[in-house]
Amino acid sequence: MGTTSSALVMLFALFFIERLEFICSSTNSNVSCIASEQEALMKIKGNLTDEANRLSSWVGKDCCTWKGVGCSSKTGHVVKLDLHNPIFGGNKLGGQVSPSLLDLNHLHYLDLSWNDIQISNSLGSLKSLRYLDLSWSTFDATIPHNLGNLSRLQYLNLSNSGLSSPIPVTLGRLTSLTVLDLSSNFFNDSMLYSLCNLSSLVHIDLSFNSLGGAIPYCLGNLASLSILKLNANYYLQGPIPSEMGNMTQLTELDLSLNAFEGEIPNSMRNLCNLRVLDLSNNKFTGKLSTSVGSPFGCIHNSLEDLSLSSNELSGGLPNHLGEFKNLERLIIGWNSFYGSYIQLEKGPSEEAALRSCYGFS
Ligand SMILES: *[C@@H]1O[C@H](CO)[C@@H](O)[C@H](O)[C@H]1NC(C)=O
Ligand SMILES: *[C@@H]1O[C@H](CO)[C@@H](O)[C@H](O)[C@H]1NC(C)=O
Ligand SMILES: *[C@@H]1O[C@H](CO)[C@@H](O)[C@H](O)[C@H]1NC(C)=O
Ligand SMILES: *[C@@H]1O[C@H](CO)[C@@H](O)[C@H](O)[C@H]1NC(C)=O
Ligand SMILES: *[C@@H]1O[C@H](CO)[C@@H](O)[C@H](O)[C@H]1NC(C)=O
Ligand SMILES: *[C@@H]1O[C@H](CO)[C@@H](O)[C@H](O)[C@H]1NC(C)=O
Ligand SMILES: *[C@@H]1O[C@H](CO)[C@@H](O)[C@H](O)[C@H]1NC(C)=O
């Protein structure tokens with residue numbers, strides 16, 4: 001599962017590199033830095049503390065050769081600034097990012113992750129941005145509300161950045177967005193509704209916040225969505241809307257550690273690509289055999305990892321559990337199921353596929 005998402009991110013990164021016409025050194029080109037942009041970069045450097053000397057290459061006139069800086073081979077403008085810290089823990093850049101950052105107004109790609117940098121609140125004026133990664137930074141603030149003006153943004157990662165509410169509703173205008181990661185912050189909004197029109201989204205991670213409210217039925221419009229992680233928000237509630245059965249590209253759905261309730265809708269069996277389903281630690285009720293466990297629907301072929309533990313599910317375990325052909329992990333303890341053990345031990349093929357199974361004590 002970790003490999004699935006990192007593969008996805010990798011694919012996405014490759015996609016980016018192909019789309020952007022930047023160069024990272026001038027060895028194979030004759031572009032050189034635009035003077036005003038070189039000046040802006042010098043101001044940025046001047047305001048940063050750099051104990052590990054990571055910006056030591058930032059000298060001389062041709063800023064296109066500086067480490068972390070990329071220029072367009074067509075226009076010569078700085079289009080990429082990648083100052084992410086490659087080393088966990090040490091080597092951080094510190095201080096304040098100079099407002100001169102906004103003079104780099106052709107930037108497509110900005111990665112300042114894993115540093116101790118404070119960032120100005122007006123990033124929304126960098127209108128060419130496609131890729132913005134400020135994860136594991138120290139903001140201690142809110143998301144700038146003008147971020148909704150970045151209409152070309154495709155990748156937004158603000159995970160683990162000390163951010164708190166409100167999440168600006170203008171986020172719902174980022175119609176090019178493919179990846180949205182706001183995980184591990186202090187958001188407490190009910191904001192899912194604002195994502196309903198973002199039909200390019202492939203990956204949403206809002207886990208480890210304190211989001212509230214219900215999943216709006218319109219979220220089922222996100223037909224390209226592959227990964228949806230809403231786990232560990234504790235306050236998300238209400239039922240799974242049956243429209244989520246329309247998200248046929250879903251490969252991973254994690255709703256664990258919330259207050260969701262109601263029956264698991266029948267439409268979930270239509271999720272033909274779903275490999276990981278984690279509904280554990282909620283208040284789901286009803287009989288499993290009438291929903292996911294039904295013998296019809298292609299979820300039987302796709303599911304590899306199913307966690308339903310710590311809910312209020314009842315009834316017998318579905319007869320057809322053995323028909324989950326690729327199931328490798330099943331966790332169903334802390335429910336009110338009965339009479340189940342036998343079916344899972346039925347055939348040698350199932351035993352082989354089902355490598356671990358908890359919850360039958
Ligand atoms: C780069 O060099 C080529 C030919 O050597 C020339 O046609 C082109 O105008 C140059 N570009 C810049 C930005 O100087
Ligand atoms: C950034 O550097 C400029 C001088 O280049 C200085 O005037 C300004 O106070 C510095 N800002 C911060 C936040 O250090
Ligand atoms: C955002 O864009 C709108 C329309 O293009 C513009 O009116 C507004 O001033 C912009 N806001 C900011 C903060 O840049
Ligand atoms: C966001 O950034 C974090 C930390 O840098 C990384 O672990 C995570 O994979 C990123 N999320 C996405 C969806 O790329
Ligand atoms: C949500 O978070 C904000 C910012 O931390 C806080 O001011 C507000 O009281 C919180 N709202 C709720 C309902 O907890
Ligand atoms: C989605 O788009 C429609 C049509 O443009 C608009 O009426 C609606 O308010 C938008 N919804 C959200 C949540 O932004
Ligand atoms: C989405 O799902 C609902 C309920 O499951 C269904 O009525 C509706 O027709 C579906 N919409 C689309 C566009 O497939």
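Keep in mind that the numbers below use all heavy atoms, side chains included, and drop hydrogens, waters and symmetry copies. Keep in mind the model is a prediction, meaning the values are calculated, not measured. Note that ligands are numbered from 1 as they come in the structure, with each ligand's atoms numbered from 1 the same way.
- The protein atom (non-hydrogen) at minimum distance from atom 13 (C) of ligand 2 is Q96 CB, 3.7 Å.
- Two residues are said to be in side-chain contact when any heavy atoms from C-beta on lie closer than 4.5 Å; L93 and D116 fail this criterion.
- Of the protein's heavy atoms, N246 ND2, 3.4 Å lies nearest to atom 12 (C) of ligand 7.
- For ligand 6 and Y193, the ligand atoms under 4.0 Å from any heavy atom of the residue are 13 (C).
- For atom 5 (O) of ligand 6, the closest non-hydrogen atom of the protein is N197 ND2, 4.7 Å.
- For the residue pair T251 / S226, a side-chain donor-acceptor distance below 3.5 Å is found, with atom types taken as modelled.
- L192 is listed as a side-chain neighbour of L236, based on a closest heavy-atom distance under 4.5 Å.
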- Mind running salt bridge (Lys or Arg N to Asp or Glu O under 4.0 Å) on R275 and E252 for me, showing each step along the way? CA-CA 6 Å; R275 293 202 293 267; E252 183 181 341; over 6 Å; no
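- The closest protein non-hydrogen atom to atom 4 (C) of ligand 7 is S242 OG, 3.6 Å.
- Of the listed options V97, L48, N47, N47 places a heavy atom closest to atom 6 (C) of ligand 2.
- Under the 4.5 Å side-chain heavy-atom criterion for Ile, Leu, Val, Met, Phe, Trp and Tyr, L206 and L171 are members of the same hydrophobic cluster.
- Put simply, atom 2 (O) of ligand 2 has protein non-hydrogen atoms near it, under 4.0 Å away.
- Judged by distance alone, the side chains of S165 and D189 do bring a donor and an acceptor atom under 3.5 Å apart.
- Distance remark: protein heavy atom not present below 4.0 angstrom from atom 9 (O) of ligand 7.
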